[in-house]
Amino acid sequence: MAYVSFEYFPGRTQKAKNQLEETVSVLAEYQPEFQSVTYGAGGSDKQGTFDAVVSMQATTGVPTASHLTYTGSTQEEISAFADDLWNSGIRQIVALRGDPRDGSDHLPFSDTPEFVAALKECHPFEVAVACYPEVHPKAQSLEADLEVLKAKQDAGATLAITQFFFDNSVFYEYVQKAREAGITIPILPGILPIYNFTKVQEMAEACGTSIPETIREAFLCREVCGSTDMEIAAEILKAQVSDLACAGHEAIHIYTLNRVPLAQVASETFLKTHEGLSSQRQVA
Ligand code: FAD
């Protein structure tokens, strides 16, 4: 059964909190399998994450995961946060290393697999982890990256969510290599809608995501073509998610950026493509 899932970040101001609430309520119509809320580097605004996770699960009934990073925190802080989540009915965590904040790179666990195991020991959470089709910028190689992912699976992770990518062929090849490396858990493609091409270029550069020439050209030619950025982004998204559906991928994880329009385009296109494919199969 095809599904979508959504990622949000906690709102800081009242206006941002209201926007988050509105977006979550609109996108809940797509019956996401789960939704998740990011965690600030080093635990900055962990209360914001906690409040958003608990409130979103209560208002929508959609299972809601809290992201949780360990860099810059102590084991005690992490287990107190995990206890609070568990005691509030949260059963899913996206477990991450996180990046150092303000130079604080204290690591309470030797690596992310150890962190996953510790969370599972704390409570029987369902634990998802991150993975990198275009290799984590600090990883030595794709093979080393896959070894870490395999160790996270062995420690109890049951789902991997990818860094965003725009070139599906990179993702397909990655999934194949992951399977060859013994990774059997679902690998959920992370889809980033392009609301602001300049910002996306900066983010892509920082995390090593390639941007296909066709996408660069589409934004370069916008004045000649007379299309708005939103129209271009919607076309790119439709092409990407329908291709994933046609290639047999049952689910996508959408980085919503707390906004409705392009998450809606991605969800509708992905779910309708699947519907079309299953009715074609029934006819045949
Ligand atoms: P790991 O699984 O530990 O590492 C992944 C790979 O990178 C491995 O090959 C590992 O060896 C290598 N690596 C990572 N760091 C180092 C290092 N310092 N030295 C050497 N090798 C290294 N960040 C947040 O702060 N909050 C969030 O909510 C958040 N959510 C995310 C959700 C997703 C789906 C993704 C893809 C990323 C998210 N991040 C978030 C970013 C994440 O914390 C960083 O990418 C971080 O650098 C790696 O985290 P990880 O758990 O994947 O690391």
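If you read the sequence from its start, that first residue is 1, and numbering goes on from there.
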State, with a plain yes or no, whether a side-chain heavy atom of [X] is found less than 4.5 Å away from one of [Y].
X      : Y      : answer
Phe164 : Cys207 : yes
Thr38  : Tyr8   : no
Thr256 : Asn258 : yes
Leu257 : Glu7   : no
Pro193 : Ile254 : yes
Ile215 : Ile194 : yes
Thr228 : Arg222 : no
Asp111 : Pro113 : yes

Under the ring-ring contact (aromatic ring centres under 6.0 Å, His included) rule, collect the residues that match up with [X], sequence neighbours excluded.
X      : answer
Tyr172 : His249
His123 : Trp86, Phe125
Tyr255 : His253
Phe197 : Phe219

Review point. Stepwise, does the side chain to side chain donor-acceptor pair (under 3.5 Å) test hold for His67 with Ser36?
Key: CA-CA 7 Å; His67 292 214; Ser36 73; 2.9 Å; yes

Check your understanding: When you look at Glu22 and Asn18, which way does the side chain to side chain donor-acceptor pair (under 3.5 Å) test go after all the steps?
Key -> CA-CA 6 Å; Glu22 170 68 16; Asn18 295 346; over 6 Å; no

Pairs of donor and acceptor atoms involving the side chains of residues 133-149, under 3.5 Å and at least two apart or interchain, shall be tabulated with distances.
from: Glu134; atom 1: OE1; to: Ser210; atom 2: N; distance (Å): 2.9
from: Glu134; atom 1: OE1; to: Ser210; atom 2: OG; distance (Å): 2.6
from: Glu134; atom 1: OE2; to: Ser210; atom 2: N; distance (Å): 3.4
from: His136; atom 1: ND1; to: Lys138; atom 2: N; distance (Å): 2.9
from: Ser141; atom 1: OG; to: Glu143; atom 2: N; distance (Å): 3.4
from: Ser141; atom 1: OG; to: Ala144; atom 2: N; distance (Å): 3.0
from: Asp145; atom 1: OD2; to: His136; atom 2: N; distance (Å): 2.9

Can you tell me how far the [atom1] atom of [X] sits from the [atom2] atom of [Y], to the nearest 0.5 Å?
X      : Y      : atom1 : atom2 : result
Ile183 : Gln153 : CD1   : CD    : 6.5 Å
Phe6   : Ile191 : CZ    : CD1   : 12.0 Å
Leu277 : Cys246 : CG    : SG    : 5.0 Å
Ile93  : Cys122 : CD1   : SG    : 7.5 Å
Leu262 : Leu237 : CG    : CG    : 6.0 Å
Gln19  : Thr13  : CD    : OG1   : 9.0 Å

Are [X] and [Y] grouped together when hydrophobic residues (ILVMFWY) are joined by side-chain heavy atoms under 4.5 angstrom apart?
X      : Y      : result
Val26  : Phe9   : no
Tyr132 : Val170 : no
Val129 : Phe109 : yes
Val62  : Phe270 : no
Phe166 : Leu220 : no

Point to revise | From CA spacing to verdict: side-chain contact (heavy atoms from CB on, under 4.5 Å), Lys152, Phe115 | key: CA-CA 9 Å; Lys152 292 194 276 194; Phe115 176 48; over 6 Å; no

Enclosure of [X] [atom1] (heavy-atom neighbours >12, cutoff 6.0 Å):
X      : atom1 : answer
Glu250 : CD    : yes
Glu21  : CD    : no
Gln75  : CD    : yes

Review point. Got a sec, which residues hit side chain to side chain contact (heavy atoms under 4.5 Å, CB included) with Ser278, two or more places apart in sequence or on another chain?
Key: Arg281

Check your understanding: Cation-pi between Arg259 and Tyr195: NZ/CZ under 6.0 Å from ring centre and within 45° of the ring axis?
Key -> yes

Please report the shortest heavy-atom distance between [X] and [Y], naming the atom on each side.
X      : Y      : answer
Tyr174 : Cys131 : OH-CB, 3.2 Å
Leu68  : Leu119 : CD2-CD2, 4.0 Å
Asp99  : Ala41  : O-CB, 3.9 Å
Leu188 : Ala251 : CD1-CB, 3.3 Å
Gly11  : Lys17  : O-CE, 3.3 Å
Gly40  : Thr49  : N-OG1, 4.4 Å

**Study point:** Test: Glu173 and Lys177 ion pair at under 4.0 Å
**Key:** yes

Review point. Is any side-chain N of the basic residue among Lys199 and Glu202 closer than 4.0 Å to the acidic one's carboxylate O?
Key: no

Check your understanding: Can Phe81 and Ser73 be said to form a side-chain contact (heavy atoms from CB on, under 4.5 Å), step by step?
Key -> CA-CA 11 Å; Phe81 190 79; Ser73 296; over 6 Å; no

Would you find a donor on one side and an acceptor on the other, under 3.5 Å apart, between the side chain of [X] and the backbone of [Y]?
X      : Y      : result
Thr209 : Glu205 : no
Thr71  : Arg97  : yes
Asn168 : Gln240 : yes

Practice item. Take Thr60 and Gln35, measure what side chain to side chain donor-acceptor pair (under 3.5 Å) needs, and give me the verdict at the end. Key: CA-CA 10 Å; Thr60 59; Gln35 56 198 2; 3.1 Å; yes

Practice item. May I have the step-by-step check of side-chain contact (heavy atoms from CB on, under 4.5 Å) for Thr162 and Phe171, ending in yes or no? Key: CA-CA 9 Å; Thr162 76; Phe171 171 69; 3.8 Å; yes

Review point. Is it true that the side chains of Thr158 and Glu126 contain a donor and an acceptor less than 3.5 Å apart?
Key: no

Check your understanding: Are a donor atom and an acceptor atom from the side chains of Thr112 and Tyr70 found within less than 3.5 Å of each other?
Key -> yes

Practice item. May I have the step-by-step check of side chain to side chain donor-acceptor pair (under 3.5 Å) for Gln31 and Tyr3, ending in yes or no? Key: CA-CA 8 Å; Gln31 301 181 324; Tyr3 75 81; over 6 Å; no

**Study point:** Verdict with supporting geometry, Ile232 and Ile236, side-chain contact (heavy atoms from CB on, under 4.5 Å)
**Key:** CA-CA 6 Å; Ile232 296 169; Ile236 290 167; 3.8 Å; yes

